[in-house]
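Here the structure is a predicted model, which means the values were calculated and not measured. Naming convention: chains lettered A, B, ... in sequence-line order (proteins, then strands); numbering from 1 in each chain.
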Amino acid sequence: MIPIKEGLKDALKEIINIGVGKAAGTLNDLLNKHIILEVPNVNFISLEEMDHAFSTIHTLTVSAVRLKFRGPICGLSSLVFPPESAAKLVDMLVGEVPITDDLDAIKVGALSEVGNIILNAVMASFGDLLDSRLIFSIPVYMEGKISSVFNEEVKCPTPVISATAKFTVEEHQIYGEIILLLEIGAFDVLSTAVINKLEI
Amino acid sequence: MNLANSVPIDTFDCLPQGIIIFSNEFCIMYWNLMMEEWTGIPRAQILGKNITEVYPHLASSRYIGRIRPLFNGGPPVLFSSHLHHHFVPALLPNGKFRIQQTTVSTLEIDSELYALVSIHDVSDLTFLAQKTRSQHTQALNDLEKMSRAEEALRINEARLESLLTIAQLGPMPTSNLLERVLDEGVRLTQSRLGFIFQSLDVNGRLEPICWTKDVEGANQLVDNLSCSELSKSSILYDVINLCQPIIVNDLQAYHAKRFGLANEDKNIASLLCVPVLVDNRIVALVGVVNKETPYDESDTRQLKLLLDTAWKIKMQREAENQRNDALILVGNLLDSSPFGIQVFDALSGKCILSNKVASNIVGGSLQALQEQNFRMLNSWKTSKVLEIAEKVISNGNPSTVETVLHTEFGKEVPVKYQLSRFVANDCVNLLVIGQDLSEEIKLAEEKKQIEEQLLHAQKMESLGVLAGGVAHDFNNILMSILGNTELVQRKLPADSQVNDYLARIETSAKRASDLANQMLTYSGKGMFVIKPVNINSIVTEIVHLIEVSISKKIKLELNLTSESIFVDADETQMRQLIMNLVINAAEAIDKDFGIITICTGQKNCSVNDLRETVFPDSLKRGTVNFISVTDNGCGMDRDTKLKIFDPFFTTKFTGRGLGMAAVLGIIRSHKGTISVDSQLGKGSTFTILLPLSQMQTVSFAAPSPRKDKHGNGFVLLVDDEKAIRFIGKEILISLGYQCLTAEDGRRAIELFKKNKAIKYVILDLTMPGEDGIQVYEQLRELCSDVKVILSSGFTEFEVSRHLQEHNFSGFLQKPYTISALSDVMSNLK
């Protein structure tokens, strides 16, 4: 575990929850379905610990939507779905017959948009916290091992914020992982920003 | 503001994407050429307009809500083609909306943030993807169908294989067939074990006929299921009641729900039970048990198909067996039928079936008969059988025909054909039942012959009785004449002139007596004494007598056996027999020169030989003596031959017709028989067959010269004939006896009781009222010493039974002479 001050942790959890909450509203609008989006826990882990942390899915081919950003803090955020959850989510969103083989265009488009909505909401919360504008890349859809989604992008060991997002669509529950990789110094910036906000 | 100065607008026009730039107030700042093309709205016309006014749907929160954060530096927003289809409606040439993948990012110009909308037309990709997906789905469906088809094929192959295996099973008992079928059923349904119960009656009583062997729990399963009365809490009961298959994949739950109790057999987890129906009646139940996966309708179908097929095969086999049994029965029937049976196809005329007897009747082989066509048979054409057969075929009325067939196989045979028509398998057939009448005709002829013989014998018997009766009465009369004549002669002087007359009376009376004796002889009641007689000696003795009796033109030849042959016979009657035959032969010869041959000897006679004689039953087959007399005279026709032995039948003007009748009587009395072989114009041979002697041969001393012996004492003469009583008394007195007479038994007993001096009784056998035997018994009771002589017109031979049973002192044959009476009286025991 990365030693992070409890206050920062709580603050970050709050920020993520706020973002996710907004995303749920957006998804409700978009899909005309009652979607509950929760983040039951947020963890801070090192990159080396990722395999262990995601042991249940690290051997699987995951679907991920990735959004890079830079500005006061640099890094990338990603929403990762295990294959079954990805398929199930798309089925529920699009109302298609279950697809069990490789993800096709429908899946890519829908998952990209859902990921885009959630990540945008979360990142917007971070933007609000920082009072500073972040520059975002265009969101990208990726498939592959979870390690391959992040490995190329991270230059040095840095803490990873891992938040489990739980989608409840009607009676079904689908899990995805919101993962934020922040470059060195990002936590300091965030910590400062949190302190400033609290003082305000 | 003019964005053209800040951004490379020309570049956007070169992009194959729709590009829109609008401000944070949603005022359209840029509209590239692709957008013009897609929407048909020229850039100049749209610039400056609020995009949510041009496209009101964008005003909804699902668009605006997500786009608005962009103006605060938020991350790019994606509107996927699948969730939105299009950002800006734009038609394709085919009239469908372009499918768009839209990204909205921020564009910072002069510290102002604008929304840069980048629209990708993914219609082609989407349609392609949809097509691919459709194809993929189709392919998947096809694959699934193919997979299902393959599975079905595999199952069908397995079924077919099972059915073929079952159908090709060789002859085997039904139980083995069902065991094989059950094994296949268990294999096809992937079950653990199975059972077949046969339904015995309408009450659902079941009997296990086979079950999977060598599997643990099988015996217990069958025991549990086959309780004597089918329990109502049994799944089998449900199957019978519903008359349809039942699948139970959780037997415990089924029992609990259906019967409210637990299933006793814990070994059964799941069960499939199918009724086998024949004519809507359950004939059997087949069940399979414990499939690892749940039983389904496919298993039901498989098991049902298999068992239905097997049951059909079973029934076919049973029907075949019954048919075979019936065929064997028909075959045996044909083989063992005493009648010839032939079946012809009425249309073609060809023989369908024939038995051995039919071929025997016509003298052909069975194969030859089976190749016959009745319309081609000449024997049928010429005998009208064909004509009748055609009538029977046309009108269906059975008909019988008796005819003599000259068969195709060269045989001439009297037959009786019964023809009838029957229909089998829509074909009209002609049934011919034939009977060879040869034997029947032969038997009928024999029967007729026997009846004729019987009739003849009865006639002879009647004539014999008549002749015997007449002769008997004549003898009584003649005895009176002769006796009285003899008494008169004795009382007259020797030189009396009356003596000549008396002698003539005596001669005539003797001739009459001879005739009466001939009649008696014919009737077999003549007087004779049986003793062993050498036939050769008799012939030799009477040769001279014969020669003087017949014409000089006739030559008598003897062909006697060198050995002596003895018969038990009366010597006198044997002489008479030969004499009569020779005289008859001589009378048949009216030629200038004739030959009569007398042969004697012994020969072996078969039953057939004896059958040809007049008394076929009188002799047993074997060695017998024979005497034959052959002449070369005129011979006899059939009628004459038949009547030759009849009394009073004669072919001669002067004949009395008693000679040959007497011959027959003599032969009958001596338990012999005679055969006649005669050809008209060629002559006749009479052969007499006599039994071999059963008595010891004794030599007899020559009789001494006769002299009447006198006696004395009281004699009681009992006879119903007055003349006999009279002459008998006279003779007895003349012999020195004292005589009392009685006309019947009652009178005799009275006299006997009164006269204790009576020493002798002469008792007539045949009397009205009490006969001689009854009187004798009473006399014996009164006095055991009295000597009783039995007297009868019948011969001693005939009354010998009485003589042996009762102790008579002597026998006196009527008519008796003085000398005969004298002899008997003097020889009393």
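Using a 4.5 Å cut-off between heavy atoms, A:Ile138 touches chain B through backbone and side chain atoms alike. Both the backbone and the side chain of A:Ser112 come within less than 4.5 Å of a heavy atom of chain B. Only the side chain of B:Ser105 has a heavy atom closer than 4.5 Å to any heavy atom of chain A. Within the 4.5 angstrom heavy-atom criterion, no atom of B:Tyr63 approaches chain A.
The 12-atom threshold is exceeded at CG of B:Asp296, counting heavy atoms of other residues, nucleotides or ligands nearer than 6.0 Å. The 12-atom threshold is exceeded at CD of B:Glu108, counting heavy atoms of other residues, nucleotides or ligands nearer than 6.0 Å. Atom CZ of A:Arg70 sits in a sparse spot, with 12 or fewer heavy atoms from other residues, nucleotides or ligands closer than 6.0 Å.
B:Leu113 has its side chain within reach of A:Arg133: a pair of non-hydrogen atoms, C-beta onward, lies under 4.5 Å apart. A:Leu119 places none of its side-chain heavy atoms less than 4.5 Å from the side chain of B:Pro75.
Most heavy-atom pairs under 4.5 Å with chain A: of the set B:Ser60, B:Ser61, B:Pro69, this distinction falls to B:Ser61.
A distance of 13.0 Å separates CG in B:Leu78 from OH in A:Tyr141, rounded to the nearest 0.5 Å. Interatomic distance, A:Asn116 CG to B:Ser80 OG, rounded to the nearest 0.5 Å: 9.5 Å. Taken to the nearest 0.5 Å, the CG atom of B:Leu83 stands 7.5 Å off from the CD1 atom of A:Ile117. Interatomic distance, CZ of B:Arg62 versus CG of A:Leu27, reported as 11.0 Å (0.5 Å rounding).
In this structure, A:Phe136 and B:Pro76 approach most closely via the heavy-atom pair CB-CD, 3.3 Å.
Judged purely by atom type and a 3.5 angstrom limit, A:Asn120 has no side-chain atom pairing as donor or acceptor with the backbone of B:Arg66.
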